[in-house]
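Quick note: numbers below take in every heavy atom, side chains included, and nothing from hydrogens, waters or symmetry partners.
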Amino acid sequence: MTYRTHILGGVAIGAVVTTAAGQGYFGLTPLSTPAIFGTFIAAMFGSVFPDIDQPKSKMGQQIPILSKLMRGTFGHRGFCHSLLFLLILHFLVVRFLPSMAFYSLVFCLGAATHLFFDMFNSPGVPLFWPVKIRVRIAKIRTESQFNSKAANLPEKMFRGVVCVLDVLLAVNMAVVLNGGFPAI
Ligand SMILES: [Zn+2]
């Protein structure tokens, strides 16, 4: 999937985590406005980060040296698209920047939506890397690889569904933050 689709997954995670905190779920307390902002940024950043292994991706273009290194070492949709990658990232943050553990977790949840969305493309993802099993749910073509309108339509439709979900989650979040009952 392209970054436009992935980032909507990050928005969904931002809304879910903010809502969960507002409800006091998982031992969380309601987030302050700056913390809500940070939560959405962390989730959206996480949602596009796994494509750091693709120099042509939006993420890869931001840090080309790291991107080429990751691509050269693991290949696109390799290690960076696995659960192990997320676990190692989170472990390192908890170990060396423990105060950022919450945002690291949100980042990893955003990245998990990236892995989930990529499962809808034909190459799938090596979720259990280094085990060479690729997990795939559907065979939607990635929008960036095909420029004809017809070929791009499936991802556009997928994005539309996620967009509707985002709106519902945002409305639910707004209701919870305003002290009401969850709408969903
Ligand atoms: Zn990807």
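By the criterion of side-chain heavy atoms lying less than 4.5 angstrom apart, applied directly or through intervening Ile, Leu, Val, Met, Phe, Trp or Tyr residues, Met1 is not grouped with Val161; the two fall into different hydrophobic clusters. Ile13 and Ile41 are not part of a single hydrophobic cluster, where members link through side-chain heavy atoms under 4.5 Å apart. A chain of hydrophobic side-chain contacts below 4.5 Å, direct or via other Ile, Leu, Val, Met, Phe, Trp or Tyr residues, connects Phe79 to Ile63. Residue Ile65 is not grouped with residue Phe74 when hydrophobic side chains (ILVMFWY) are merged at heavy-atom distances under 4.5 angstrom, including chains of intermediate members.
One finds the OG atom of Ser47 at 11.5 Å from the CZ atom of Phe40 (value rounded to the nearest 0.5 Å). Interatomic distance, OG1 of Thr18 versus CZ of Phe37, reported as 12.0 Å (0.5 Å rounding). Of the inter-residue distances, the one linking Gln23 atom CD with Thr29 atom OG1 reads 13.5 Å to the nearest 0.5 angstrom. Here the CZ atom belonging to Phe45 is positioned 9.0 Å from the CD atom belonging to Gln62, to the nearest 0.5 angstrom. The distance from the CD1 atom of Ile36 to the CG atom of Leu177 is 5.0 Å, given to the nearest 0.5 Å. Rounded to the nearest 0.5 angstrom, Leu86 CG and His114 NE2 are separated by 10.0 Å.
When each of Lys68, Arg71, His81 is tested with Asp53 by the rule side chain to side chain donor-acceptor pair (under 3.5 Å), just one qualifies, namely His81. Paired with Gln54 under the rule side chain to side chain contact (heavy atoms under 4.5 Å, CB included), one option of Gln61, His76, Met70 passes, and it is His76.
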| request: Apply side chain to side chain contact (heavy atoms under 4.5 Å, CB included) to Lys58 and Asp51, showing your working. | output: CA-CA 8 Å; Lys58 265 276 185 286; Asp51 278 346; over 6 Å; no
| message | I'd like to know whether Leu127 forms a side chain to side chain contact (heavy atoms under 4.5 Å, CB included) with Met119, so could you lay out the CA-CA distance, the side-chain angles of the two residues, the decisive distance to 0.1 Å, and finally the verdict. | response | CA-CA 9 Å; Leu127 197 61; Met119 286 178 200; 3.7 Å; yes
Determine all donor-acceptor pairs shorter than 3.5 Å in which one atom belongs to a side chain in residues 87-106; sequence neighbours excluded.
from	atom 1	to	atom 2	distance (Å)
His90	ND1	Ser104	OG	2.7

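Judged by distance alone, the side chain of Glu155 and the main-chain N or O of Thr5 form no donor-acceptor pair under 3.5 Å. Arg136 places no side-chain N or O within 3.5 Å of a backbone atom of Asn121 that could act as its donor or acceptor partner. A donor-acceptor distance shorter than 3.5 angstrom exists from the side chain of Thr19 to the backbone of Ala15, with no hydrogens or angles considered. Side-chain atoms of Asn178 come within 3.5 Å of backbone N or O of Ala174 as a donor-acceptor pair.
The heavy-atom pair separating Val176 from Gly22 by the smallest distance is CG1-C, 4.0 Å. What you find for Leu115 and Cys80 is that their closest heavy atoms are CD2-O, 4.2 Å. Considering all non-hydrogen atoms of both residues, Thr2 and Arg159 come closest at OG1-NH1, 3.7 Å. Scanning both residues, Phe128 and Val135, for their nearest heavy atoms gives CE1-CG2, 4.0 Å. The nearest pair of heavy atoms linking Ser67 to Ile52 is OG-O, 2.7 Å. Minimum interatomic distance between Gly9 and Val162 (heavy atoms only, all atoms of both residues): N-CG1, 4.3 Å.
With sequence neighbours excluded, the residues satisfying ring pair (Phe, Tyr, Trp, His ring centres under 6.0 Å) with Phe120 are Phe116, Phe158.
At a threshold of 4.5 Å between non-hydrogen side-chain atoms, the residues Phe49 and Met59 count as touching.
Within the structure, salt bridge (Lys or Arg N to Asp or Glu O under 4.0 Å) pairs that include any residue of residues 96-123 comprise Arg77-Asp118 (at least two apart or interchain).
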